[in-house]
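Computation of the quantities below employed the complete heavy-atom set of this structure, encompassing side-chain atoms and omitting hydrogens, waters and symmetry-equivalent molecules. One is the number of the first residue; the rest follow in order along the sequence.
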Amino acid sequence: MITITNIKRVGSDETESVTIENGLIKGWNLPEEGGVIDGQGGTVAPALIELHAHLREPGQTEKEDLASGLAAAAAGGYGTVVSMPNTSPVVDDPAIVRSLIEKAGGLGFARLRPAAALTKGQKGEELAELTYLKEAGAAMFTDDGRTNENARTLRLGLETAGSLGMVISVHAEDASLRADGVMNEGPVSEALGLPGNPASAEAARVARDIEIVAGLHAQGVPARLHIQHLSTARALDLVRAAKAQGLPVTCEVCPHHLTLTDEALRSFDAIFKVAPPLRTQADADHLLEGLRDGSVDCLATDHAPHTRAEKERDLLDAPSGIAYIELAFPLMYTRFGETLGLDRILDLMTAAPARVMGWAEPTLDAGAKADLVVLDLTTERPVNPAGFKSKAKFTPWADESLKGWPVLTVVDGRVAYQR
């Protein structure tokens with residue numbers, strides 16, 4: 001049992017305490033029991049939920065592993081993390097799903113909900129054993145890391161997953177249009193002489209996938225499609241139109257697509273190389289409006305750690321990805337707290353991901369699961385990559401002063417992170 005004192009609930013100036021027992025919230029402002037933790041005057045909220053992170057285990061643990069990745073997530077205020085299956089071997093076997101869950105459960109950091117591959121080996125040809133993967137504990141199905149080029153296989157996957165009540169998430173880029181593009185196609189790529197990845201690669205694939213869902217929906221098939229890391233204005237407009245038709249289509253946006261643009265690639269630094277690529281300021285502004293009006297369902301980081309040596313290669317050869325799960329909330333709150341408001345940012349990072357997945361929305365009510373984060377919304381601290389829990393100790397936002405840092409993260413009633 002623990003009691004967290006000196007905390008405030010969102011929208012209140014009243015100093016309160018919360019008591020936690022047996023993994024649940026026992027109640028508020030009760031007599032202090034058990035270990036007492038000072039919340040340092042911070043604001044308490046449900047722990048964040050991450051639907052898109054690469055933890056690199058099994059097989060790529062020089063980049064990240066469950067211990068470092070889930071510790072980083074807890075330090076970022078996350079209580080639940082959905083990991084992507086593009087590991088080595090691919091997470092397409094129920095035994096791998098079970099082993100990941102078992103190992104993560106003994107670490108004491110954020111909770112792991114592994115995603116499993118939609119197709120065997122993520123080759124896009126033959127569906128994985130989706131029923132058995134769900135029974136093993138898979139949270140969703142995705143071939144993220146690869147695009148789903150075979151539309152018929154994706155359609156069959158949506159049908160099967162729909163019958164299981166599961167979400168399929170997709171990396172929506174047309175590989176033939178993307179080709180060897182390493183950054184957004186436009187004036188900047190032209191000026192730098194680098195191969196571009198056109199916005200139409202994303203929009204064309206989003207349009208195709210929505211059409212597949214529309215056809216299944218018309219037949220009464222309960223298919224659910226989630227579009228990952230949306231990056232372009234055109235693709236967001238297609239999602240808006242799908243939602244207006246009542247189609248079961250959701251999407252996420254990543255903070256790096258909101259706070260960085262293709263102009264950053266003028267440095268030729270591969271730390272800014274991501275997939276889909278950083279787009280234009282107009283795209284970023286459109287995505288922000290989508291967050292404001294509800295067209296975008298949730299925020300996700302696409303936390304994608306690589307070794308420093310890999311990211312020091314030139315732009316043509318370096319892998320794509322940015323690792324920043326530890327600073328996602330402070331980044332969003334500092335940059336967009338006034339634009340979006342605290343309530344909206346928290347919803348996009350807690351209840352909204354739960355709605356996408358069909359999970360119960362997290363609350364701080366008595367009797368609820370004790371997953372919570374205490375946030376310091378006032379003190380600015382510089383980003384210090386050397387102090388990251390993640391193995392990827394570098395970031396585009398190094399030394400930037402941010403506020404909203406987690407002070408304490410509690411998962412299942414136990415302290416997963418304390419500053």
Any chance the side chains of Asn184 and Arg279 put a donor and an acceptor closer than 3.5 Å?
-> yes
Side-chain ion pair, Arg355 and Glu361, N-O less than 4.0 Å = yes
If only atom types and distance count, is the side chain of Lys403 paired as donor or acceptor with the main-chain N or O of Asp376 below 3.5 Å?
-> no
Are the side chain of Trp405 and the backbone of Thr379 linked by a donor-acceptor contact shorter than 3.5 Å?
-> no
Is Arg146 reaching over with its side chain to a backbone N or O of Gln122, donor-acceptor style, under 3.5 angstrom?
-> yes
Salt bridge flag under 4.0 Å for residues Asp65 and Lys103 | no
Do Asp302 and His256 have side-chain atoms, one donor and one acceptor, less than 3.5 Å apart?
-> no
In terms of side-chain geometry, is the basic nitrogen of Arg240 or Asp293 positioned less than 4.0 Å from the acidic oxygen of its partner?
-> yes
Do His303 and Glu50 have side-chain N/O donor and acceptor atoms under 3.5 Å apart?
-> no
May I ask you to say whether Arg9 pairs ionically with Glu16, meaning some side-chain N is under 4.0 Å from a carboxylate O?
-> yes
N-O pairing of Lys243 and Asp297 below 4.0 Å | yes
Does any donor atom in the side chain of Ser169 or Gln228 lie under 3.5 Å from an acceptor atom in the other side chain?
-> yes
Between the side chain of Ser295 and the main-chain N/O of Gly290, is any donor-acceptor distance below 3.5 Å?
-> no
In plain terms, say whether Asp371 and Arg111 are close enough for a salt bridge, that is, a side-chain N and a carboxylate O under 4.0 Å apart.
-> yes
Is Glu263 paired with Arg266 through a side-chain N to carboxylate O contact shorter than 4.0 Å?
-> yes
Is a donor on one side and an acceptor on the other found under 3.5 Å between the side chain of Asp144 and the backbone of His171?
-> no
Among Ile20, Ile25, Val18, the one residue meeting side-chain contact (heavy atoms from CB on, under 4.5 Å) with Val410 | Ile20
Would you kindly say whether Ser68 and Glu64 are connected by a side-chain donor-acceptor distance under 3.5 Å?
-> yes
Lys311 side chain to Ile322 backbone, donor-acceptor under 3.5 Å | no
Donor-acceptor under 3.5 Å (Arg224 side chain, Val356 main chain) | yes
Would you please classify the geometry between the Phe329 ring and the Tyr333 ring as parallel, tilted or perpendicular, with 30° and 60° separating the classes?
-> parallel
For Ala172 and Val206, the nearest pair of non-hydrogen atoms, with its separation, is CB-CG2, 3.7 Å
Mark yes when over 12 heavy atoms from residues, nucleotides or ligands other than Phe268 sit less than 6.0 Å from its CZ; otherwise mark no.
-> yes
Side chains of His257 and Asp283, donor plus acceptor under 3.5 Å = no
Any ion pair linking Arg205 and Glu149 (charged N to carboxylate O, less than 4.0 Å)?
-> yes
Rounded to the nearest 0.5 Å, how far apart are CG of Leu107 and CG of Leu112?
-> 9.0 Å
Main-chain N/O of Ser231 paired to Glu202 side chain as donor or acceptor, under 3.5 Å = yes
Taking Glu380 for the side chain and Leu402 for the main chain, is one N or O donor matched with an acceptor at less than 3.5 Å?
-> no
Would you mind checking if Arg98 and Glu102 are paired as a salt bridge, meaning a charged N to carboxylate O distance below 4.0 Å?
-> no
